[in-house]
Amino acid sequence: MNLKELLNKEQYEAVCHKDGPLLILAGAGSGKTRVITYRIANLISEHGVAPANILAVTFTNKAAGEMKSRIRHVVGKPADNIWMSTFHSLGCRILRAHAEKLGYTKGFSIYDEDDRERLVKECMHQAKVNEKEMKPYQIIRYISDIKNQLLNPRQYMEMAQDYNNKIVARIYVVYEEKMKRNNAMDFDDLIKLPVELLKSRNDMLEMYREKFRYILIDEYQDINNSQYELITLLAKKHRNICVVGDDDQSIYKFRGADITNILEFEDDYKDARVIRLEQNYRSTKIILKAAHNVIRNNTNRKAKELWTENNEGEKIIFYYTDDEIAESEAILKEVDRLQRGTETQLRQMAVFYRTNAQSRVIEDRFRRGGIPYKLIGGLSFYGRMEIKDLLAYLRVVSNPQDIISFKRIINVPPRGIGDASIDKVEENAMNANLSFIDGLLAADNVTGVKDSTKNTLKKFAAFFKNLSENKENMKLRDLVREIVNRTGYKDYWKSDASPKSRERVENIEEFESAISEFEESNEKASLEDYLNQVALLSSVDKMDEKADAVTLMTVHSAKGLEFDVVFIAGMEEGLFPHKNCKDEPGGLEEERRLAYVAITRARKKLFLLSAASRRQTGTKRITKISPYMNEIPPELLEHRGRMPVKTVEEKYLKGTIEDTLQDMEPEFDMPVDVAPTYKPGQKVKHKVMGQGQIMKIEPHGDDFKLTVVFKKHGKKVLSANHAGLEKI
DNA sequence: AGCGATGTATTTTTT
DNA sequence: ATACATCGCT
């Protein structure tokens, strides 16, 4: 392997660096993956480092798998001994080996946000917190933050000062108790608990420090506090830590990612070597220039500019459409044209959007237009209700302590078991110090539950107890078949002929074949392995590389990927940048980084789309073009679709009000049907002022403030209820 | 007690 | 639009 020929000067330096801390600042498309894989291969083949002594953390399991197979090409089978995965998979692997030391068993469940919310609701109930006071998902956010700070309930209790924090503290205590009783971990635990293990057990710390002599972390800019702690603990002794990242691509602040980790790496390791990769091999000059002109508006960043030897390329297309339907139409049209006209394959095209909700319209249009697509994230296969139900059935078998999963499926399909009965049985189990499943078996001791219900409960529990005891001897597929048939789950959906139910039956069958497939390709895998894999695979991991179809995904999911042609839909103020980011400190800068990430995914062709109006949660809103569009130099853009128009006011001052009626871009942020009587653009007549046009509607108490431009008197602000306007 | 129907608020992004 | 809670009916 002649590295000098394969790499540029900086890449070569990074690959050949052996011992000591190394920071690689790798811009978008600068060949980072290449550097990581060659560096690991080089450590093994040139420096004789044992693969088992290498730990590499990547952002997706897919990236890990790809790198591993490339390394295998160079060093062969020993590459399998490298620990290469995401942070959460790493944590899970450590915990599976040492669960008992922390008071869990190996079969612990991993709770996703959905399970967490169910649990939090129970906790709120138990801690006597009204759901109106704080919403469950807010509590989850708080708890997640607390766990990222590695705080236990007792520690947090002492710190909690203000009203909200005190409420959260009360719930957090109950939450942790219940999690432990359910033998369950959330995503945050998968990092927090390994840290606790290493901190409390010196033998464990020493063992893992000796094992992971060489550590490599990708996407370091998106690491949160607990992940930082974990890595720092492990790396402190040998200090062979190489981190790779780009401060301009930090987009996960909402889940605790802390950009200062990368900005301060050189303070943590004073002797750190720093290498910058600034040559871009991915995009055209025009795309790169546009990206730079957007990101340069951020103040909190390391100054830098990527460059490329690639072609100038084509102009970026700005597509302005009437509404989101027309937007999807435009995307479809362009996709179709590219697919026919050039050599671009569908798999080389992607549509990005800021929020998952935007995907539906695009999906519909693609489906009707006969263009195959793959949807990443959102309500994907594993997010479907029926699949989650089946997974809950499996989790009950794997972890009979998992009360949340039990409750999910205990009355699905309906067996006449209601909340009241469950509560009574659960309370009885608690008092008698029984597990939930044994509590069900002991249903006879409970008062106030019908005999028929008791029998159902007992039968139900006995069935799962039996499966749970025999799970080792059963094939996974048989386990699933047994569950699906014996619980009547499939028949339940089959009995209903609605298209929705038929789809569910199909999904159930697809699940059965998916599990068979898993079993065939992972012979030694247990039920627990399967459940872990399902819980920890990211949406991008589940992406089908082979299918020739257009990819639909959020900008967040797009990180680390690249496509020949990229469409970014919904370039509108309030959507991208999203309105919820306005109040958060640094929120707008983070949104801009998101835009930067989105733009830099494109190799050859970039489409940016805005719709003049958009329906959101049922109501239609007039939109404004995203400010990021103004940051891109106009000479890089080519316009398609309807023309952006000047404001009503501007037009009015120049011409007649009639001219403005056709094309206008009113400035308001109200649902159109909130003010039933008035609409922006509506021409009105006032007793004194005469003819005018409504430009802006804002809520004002129970009333609305109307901004009206009158022909004779210019702009006035009036109260909707008192102005006495007449529509004309 | 359990189920279905009606009314109402709404989550940006993800392991 | 959709999910979810609450309410009233069986």
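Letters A, B, ... mirror the listed sequences (proteins, then strands); counts begin at 1.
Salt bridge annotation for K620(A)-E324(A): absent, with no cationic side-chain nitrogen under 4.0 angstrom from a carboxylate oxygen. A salt bridge links R301(A) with D248(A); the closest basic N to acidic carboxylate O contact falls under 4.0 Å.
Looking at heavy-atom distances under 4.0 Å, K424(A) makes contact with sugar-phosphate atoms alone, never a base. Among the heavy atoms of the strands lying under 4.0 Å from R360(A) are primed sugar atoms or P, OP1, OP2 only; no base atom is included. Across all strands, D419(A) comes closer than 4.0 Å only to sugar-phosphate atoms, never to a base (heavy-atom distances).
For Q616(A), the side-chain contact (heavy atoms from CB on, under 4.5 Å) partners are L575(A), R614(A), R621(A), not counting sequence neighbours.
Between R615(A) atom CZ and dA1(C) atom P the separation is 7 Å, expressed in whole Å.
Residue K121(A) places at least one side-chain N or O closer than 4.0 Å to OP1 or OP2 of dA5(C). Look at R415(A) and you won't find any side-chain N or O under 4.0 angstrom from OP1 or OP2 of dG2(B). Distances shown here put a side-chain N or O of S421(A) below 4.0 Å from the OP1 or OP2 atom of dG2(B).
Using atom C1' as the reference point in both dA5(C) and dT12(B), the two lie 24 Å apart (nearest Å).
Taking the side chain as every heavy atom from C-beta outward, V244(A) and E219(A) never approach each other to under 4.5 Å.
If you check the side chains of S328(A) and R365(A), you find no donor sitting under 3.5 Å from an acceptor. Side-chain contact of Y111(A) with R118(A): a donor-acceptor pair under 3.5 Å is absent, judged by distance alone.
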Inset, instruction - Spell out protein contact along nucleotides 5-15 of chain B as letters: B when the base is contacted, S when just the sugar-phosphate is, - when no protein heavy atom is under 4.0 Å; keep the 5' to 3' order. - result: -----SBBBBB
